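Have a look at the structure below before the remarks.
Everything numeric here is computed off the predicted structure, so don't read it as measured data. Numbering of ligands and ligand atoms starts at 1, following listing order.
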Amino acid sequence: MQIQKHALISPAPGTQRELISLHYGQPAGAGTQKAYIQASLHADELPGMLVAHHLRQQLNALQAAGQITGEIILVPMANPIGLSQHLLYMHMGRFETMTGENFNRHYPEQTEAAALAAEAQLTQDPAHNVRVLRRELKKAVDESQVDTELQSLRRKLMSLSCDADIVLDLHCDAQAVMHMYTEIPCWPECEVLGRFIGSRVALLAQESGDSPFDEACSQVWWKWKDRFGDRFPIPQACMSVTVELRGAADVEHELARQDAQNIVDFLRYRGLIAGPKPALPDAIGDGRPLAGSMPIKSTTTGVLTFVRQVGEQVAAGDVLAHVIDPITAEVTELKSPVDGLFFARDFLRFATAGMRVAKVAGKEAIRTGKLLGA
Ligand SMILES: [Zn+2]
């Protein structure tokens, strides 16, 4: 395994942060695949960091046994900026405190720059086109202008991942069951991943808004397919998935060891690790439109207590939580607007009016506009 250190733009004299990446196998070439896995882009979401810790040990052993046949890059901690942001003893890892920007939004697009550079080299051979487009995309990413530390982090993460066949971005929700976000063209491959990791639901969209990391990796392929139309065959050459490893406090060795093993099994199934191909597990979840994932907002302010658990199937009109005014003793019921899977809820227990406190994944696409929360 080779360790690479990538210096970010210095935020202050005498200070410079580094992104660390662990490299297994050999750089992918003809006939081999590349997987890129990063943990804790939202730096206060720790389950991914513990999964990466276990994954690293499993990959070290596989490497020592000569079993890694593809290229695997593991970034065990994807956000050194957010890791050092604290306010009054609270870890603030989701938004950069300098700009207020979400660390998992605003990944710049190099789709058109790479397309222009690649166009004259494309042929009727899809595998050749994938190689050319990956090369030109990586070049465009590496040559893109960055001015700030945050932008330099985003560019390095994209540079490491943009030419991968498989991209896993390990996050978590507040309190949740295992679930995923991916773009619709990635769903056939993601469905297989979901079986291995035990995902209860995958939330599917295409350009959900504000360019999160996983979409930045996968969207180039369907955009190029649209752009080049009948002229050149362009496959969806990257499956990119945001994996939500349950809730923020689900940071336990047994869970993480099993999650790491499940990822190794998936990579072996996909052919990046030698050995007998594991059997495809049964699905315990499905894919549903992100536009059908309904946020439940508190209509008032008060103490929040849930009366249903994440993982339960709920019906439209079912009460999920109470918000209690401690002065008047008034109890406000928060109800599910749809039939669906109650898959995530907040861990805060004081609700303010308008706060999104839970999410239910229904089967019908209902919402429009930007589909991701803050
Ligand atoms: Zn996250």
Side-chain angles (χ1 to χ4, degrees), residues 19 36-53 55 74-87 90-97 99-107 150 153-154 156-158 160-161 167-183 186 190 193-194 197 199-205 207-219 240-252 255-256 259-260 263 290 293 295 310 343-348 355-359 361 370-374:
L19 182 76
Y36 171 85
I37 302 168
Q38 70 177 22
S40 303
L41 179 57
H42 288 139
D44 51 359
E45 297 176 358
L46 285 307
M49 233 184 274
L50 189 61
V51 169
H53 170 72
L55 192 53
L74 176 62
V75 173
M77 204 290 294
N79 185 356
I81 303 171
L83 201 65
S84 58
Q85 292 185 163
H86 293 80
L87 180 67
M90 296 288 286
H91 193 180
M92 318 288 272
R94 185 175 184 84
F95 303 96
E96 191 201 31
T97 52
T99 59
E101 286 185 9
N102 187 322
F103 286 110
N104 190 23
R105 302 286 187 274
H106 314 301
Y107 282 80
L150 175 56
L153 173 64
R154 288 183 179 133
K156 181 46 68 179
L157 296 175
M158 287 307 301
L160 288 166
S161 61
V167 172
L168 305 184
D169 190 13
L170 306 181
H171 288 246
C172 69
D173 210 299
Q175 292 183 324
V177 293
M178 179 78 85
H179 62 285
M180 309 182 288
Y181 294 86
T182 197
E183 289 200 298
C186 299
C190 177
L193 172 70
I197 66 172
S199 169
R200 294 289 305 277
V201 64
L203 300 158
L204 310 177
E207 282 207 305
S208 59
D210 287 340
S211 199
F213 176 80
D214 77 269
E215 294 188 10
C217 293
S218 52
Q219 69 182 2
S240 180
V241 182
T242 296
V243 178
E244 301 282 349
L245 295 162
R246 310 176 192 85
D250 294 322
V251 185
E252 297 181 10
L255 284 175
D259 290 339
I263 290 171
L290 179 56
S293 167
V310 292
F343 71 96
R345 67 187 197 187
D346 210 322
F347 50 52
L348 298 177
M355 181 174 145
R356 295 170 170 213
V357 302
K359 288 179 272 193
K370 286 186 184 179
L371 295 175
L372 295 172

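The number of protein N/O/S atoms found under 2.8 Å from the Zn ion (ligand 1) is 4.
Counting heavy atoms from C-beta outward, Tyr36 and Asp169 have side chains that stay 4.5 Å or more apart. For the pair Thr242/Thr182, no side-chain contact is recorded, criterion being any heavy-atom separation below 4.5 Å from C-beta on.
The pair Arg345-Asp173 does not count as a salt bridge, with every side-chain nitrogen at least 4.0 angstrom from each carboxylate oxygen. Using a 4.0 Å cut-off between a side-chain N of Lys or Arg and a carboxylate O of Asp or Glu, Arg246 and Asp259 qualify as a salt bridge.
Residues His179 and Ser199 approach most closely at CA-OG, 3.7 Å, considering heavy atoms.
Under the salt bridge (charged side-chain N to carboxylate O under 4.0 Å, His left out) criterion, Arg200 pairs with no residue, sequence neighbours left out.
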